[in-house]
There are 2 protein chains.
Amino acid sequence: MPTPHYGQPRYRTIADELRQRIESGAIPPGALLPTESALTAEFRASRGTVRQAIAVLREADAVTTEHGRGTYVKTRPPEYGPVEDTATETQRRQIAADPELAALFAVDAGTALMEQQSVTRTDGVVGVVTRTYRLLHRR
Amino acid sequence: MPTPHYGQPRYRTIADELRQRIESGAIPPGALLPTESALTAEFRASRGTVRQAIAVLREADAVTTEHGRGTYVKTRPPEYGPVEDTATETQRRQIAADPELAALFAVDAGTALMEQQSVTRTDGVVGVVTRTYRLLHRR
DNA sequence: AGAAATTTGTCCGTATGTATC
DNA sequence: AGATACATACGGACAAATTTC
C-alpha cells in the first residue's frame, strides 16, 4: 500500500512549486533548476521523488534535462533537423599507374590499376579524399 | 541537445560510425582518423566521450594512437589462419592539387595539399596503396 | 634553430542515468 | 524512502609529444 497522501502525491506538490517559480520568473528561461541534491535538501524528499517531480515538468515540455549538466527551463521547443550531415561517397574506376605506383606494384608505368576514391563531406564541405589503389583481379 | 533516453551510450554510437568508415575504406589502413577536436565538432560530443569512442576501437585493435600525432587505422584486425607478415609504411608530403582534387576542395589547381601515402605489404608484396588528401593547416 | 600551433595524455569536479540493497 | 555504487557525460586545466611556420 502506497504512503497515504492527503490531497496529492509529494512529487506533484514539488512539481507544482517548481512550475510556479518558472512561471513567476523566479527561474527564468534558459536558467538551470537547482540540482537534484539541492532539491532533495530543500523539500526533504528522496532523490527519487525529486526526479519524479522533474519528470513531470519534462513531460509538460517545461524543462529539458541534459546529461551531466542539469535541467534547464525551456525557452521554446527544441529545434529539429540534422545538426551536421556527414556523408562519404565512393567510386571505383580504372586508372593508369603513375611511375611511383608502377614501381610499388612492380608493373610497367601506365598499367591499369583499380582506384577507389572516397570523398567525405561534412555539411557539404569536403574534408578528406582518399584514393586506394590495387592491382586488378585481386581482393 | 537534450539527453534522450538511451538505448545505447553516445560513445558507442560514435565508435560504430567510425568503425564503419574504416571498414568501408573511407578511412583506409595507415590513415589518420579525424582529430579529437574534429570529432568533437562533428558529433557534438565532449572530448571525453570522443576519447571513449576511440578507446573502444583501440581495444578492438582497429586503431593505434600516438601522442601528439593522432590515431591511425591499423593494417588489419586480428586474423586467423596462416600467419602473414603484414606491414604498412606511411609517408607524408605536400603535393600540388590535380584538377579533380582542386575541384573537390574548391581551390585552384596546383594548390598545395597534404598527401599521406600508405603502402601495405603482405609478405613483401605490395597489396594496396592508399593516398589521403587534406587541406593544409586549416580550421 | 626556435616559437607557435596542433594534438593527445591526464586529472579534477559536477551532474544525471541506472541498478541494487 | 533512503543510501550507495557505478556508468555516462560535460567542461576546464595543464602537461607532453609533434608538427608547422
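Note on naming: letters A, B, ... go to the chains in the order of the sequence lines (proteins, then strands), and numbering restarts at 1 for each one.
- Residue B:Arg47 places no side-chain atom within donor-acceptor reach of the base of D:dG12, judged by atom type and a 3.5 Å distance cut-off alone.
- A donor-acceptor contact closer than 3.5 angstrom links the side chains of A:Gln117 and A:Arg93.
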Could you go step by step and tell me if A:Leu101 and A:Thr111 meet the side-chain contact (heavy atoms from CB on, under 4.5 Å) rule?
CA-CA 10 Å; A:Leu101 289 174; A:Thr111 299; over 6 Å; no

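- With distances taken from any side-chain atom of B:Ala45 to the nucleotides C:dG9, D:dT19, D:dC10, the minimum falls on D:dC10.
- Summarising the geometry, the separation between CD on A:Glu36 and C1' on C:dT14 is reported as 12 Å, rounded to the nearest angstrom.
- Residue B:Tyr11 places none of its side-chain N or O atoms closer than 4.0 Å to OP1 or OP2 of D:dA9.
- Within 4.0 Å (heavy atoms only), B:Gly48 reaches no atom of the nucleic acid at all.
- Taking atom OH of B:Tyr72 as the reference point, atom P of C:dT7 lies 12 Å away to the nearest angstrom.
- Using a 4.5 Å cut-off on side-chain heavy atoms (C-beta onward), B:Thr132 and A:Val129 make no contact.
- The side chain of B:Arg69 places an N or O atom within less than 4.0 Å of a non-bridging phosphate oxygen (OP1 or OP2) of D:dT19.
- Here the nucleotide nearest the side chain of B:Ser37, chosen from C:dT7, D:dT20, C:dG17, is C:dT7.
- Nucleotide D:dT20 holds its P atom 14 Å from the CG atom of B:Leu113, rounded to whole Å.
- One atom, CZ of B:Arg44, and another, C1' of D:dA9, lie 17 Å apart when rounded to the nearest Å.
- The phosphate of D:dC10 (OP1 or OP2) has a side-chain N or O of B:Thr49 nearer than 4.0 angstrom.
- In this model, a donor atom of one side chain and an acceptor atom of the other lie less than 3.5 Å apart for B:Arg58 and B:Thr65.
- Picking from D:dT18, D:dC10, C:dT8 the nucleotide with the shortest atom distance to the side chain of B:His67 gives C:dT8.
- For B:Arg93 and D:dT19, the CZ to P distance is 17 Å, given to the nearest whole Å.
- With D:dA13, D:dT8, D:dT20 as the candidates, the nucleotide lying closest to the side chain of B:Arg92 is D:dT20.
- The side chain of A:Arg51 places an N or O atom within less than 4.0 Å of a non-bridging phosphate oxygen (OP1 or OP2) of C:dG17.
- The shortest side-chain heavy-atom distance between B:Val126 and B:Thr120 does not fall under the 4.5 Å cut-off.
- Atom CG of B:Leu135 and atom P of D:dT19 are 20 Å apart (whole Å).
- Rounded to an integer number of Å, the gap from CD1 of B:Ile54 to P of C:dT7 is 12 Å.
- Under 4.0 angstrom from either OP1 or OP2 of D:dA9 there lies no side-chain N or O belonging to B:Gln52.
- The interatomic distance linking B:Arg134 (CZ) with D:dT19 (P) rounds to 14 Å, in whole Å.
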